[in-house]
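Remember, it's a predicted structure, so these values are computed and weren't measured experimentally.
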Amino acid sequence: MDHISALRNVEEALRAFEDGEADLATTQRRVQSVLQSYATEFEAEARRPYRAHGDEPVDGVVVVAPDAETARSRVRSLSDAADAAFEVEPL
């Protein structure tokens with residue numbers, strides 16, 4: 001899923017919510033699904049998504065980075081988890 005398609009899908013979910021065709025929980029699930037699809041299908045020349053596996057609070061964190069070492073650094077800084085033990089793997 002490319003950037004424009006993701007935005008369109010989020011807009012559709014919001015429109016359905018605004019028009020009373022969906023409740024908040026359904027809208028949240030739709031938007032989360034769009035983001036999940038976007039992250040797992042993310043394509044860029046020099047970057048890719050990585051998912052952290054390990055201690056809380058970093059377990060499951062997904063970041064985009066050019067390599068695993070940069071991904072580890074980003075997970076640490078975004079999660080504010082200096083002491084967490086974890087590994088990252090490409091999605």
Check: In terms of heavy-atom contacts, does CD of Glu69 have more than 12 from other residues, nucleotides or ligands at under 6.0 Å?
Finding: no

Item checked: Residues, nucleotides or ligands: over 12 heavy atoms within 6.0 Å of Arg47 CZ -> no

Notebook entry, point to check: If Ile, Leu, Val, Met, Phe, Trp and Tyr residues are connected whenever their side-chain heavy atoms lie under 4.5 Å apart, and connections chain through other members, are Val62 and Tyr38 in the same group?
Noted result: no

Item checked: Enclosure of Asp23 CG (heavy-atom neighbours >12, cutoff 6.0 Å) -> yes

Checklist line | Side-chain donor-acceptor contact under 3.5 Å, Thr26 with Arg29 | finding: yes

Check: Minimum heavy-atom separation for Glu87 to Arg72, with atom names?
Finding: CA-NH1, 3.8 Å

Next item on the list: Please examine the side chains of Arg15 and Glu21, heavy atoms only from C-beta on, and report whether any two atoms are closer than 4.5 Å.
Entry: no

Note to self: Test your reading of the model: is there a side-chain donor-acceptor pair from Thr40 to the backbone of Gln36, 3.5 Å cut-off?
What the structure shows: yes

Checklist line | Closest non-hydrogen atom pair, Arg30 against Ala16 | finding: NH1-CB, 3.7 Å

Item checked: Considering all heavy atoms, the nearest Pro66-Arg74 contact -> CD-NH1, 4.1 Å

Item checked: Linked hydrophobic residues, Leu78 as query - side chain contacts closer than 4.5 Å -> Tyr50, Val58, Val61, Val63, Val75, Phe86, Val88

Notebook entry, point to check: Do you know which two heavy atoms are closest between Phe17 and Thr27, and how far apart they sit?
Noted result: CB-OG1, 3.3 Å

Notebook entry, point to check: Just how far is it from atom OG of Ser79 to atom CG of Asp55, taken to the nearest 0.5 Å?
Noted result: 11.5 Å

Next item on the list: Check for a donor-acceptor pair, side chain of Arg48 on one end and backbone N or O of Pro90 on the other, with a separation under 3.5 Å.
Entry: no

Please tabulate, for side-chain N and O atoms in residues 1-9, each donor-acceptor pair with protein atoms closer than 3.5 Å (sequence neighbours left out).
| residue | atom | partner | partner atom | Å |
| --- | --- | --- | --- | --- |
| Asp2 | OD1 | Ile4 | N | 3.4 |
| Asp2 | OD1 | Ser5 | N | 2.7 |
| Asp2 | OD1 | Ser5 | OG | 2.8 |
| Asn9 | ND2 | Ser5 | O | 3.3 |

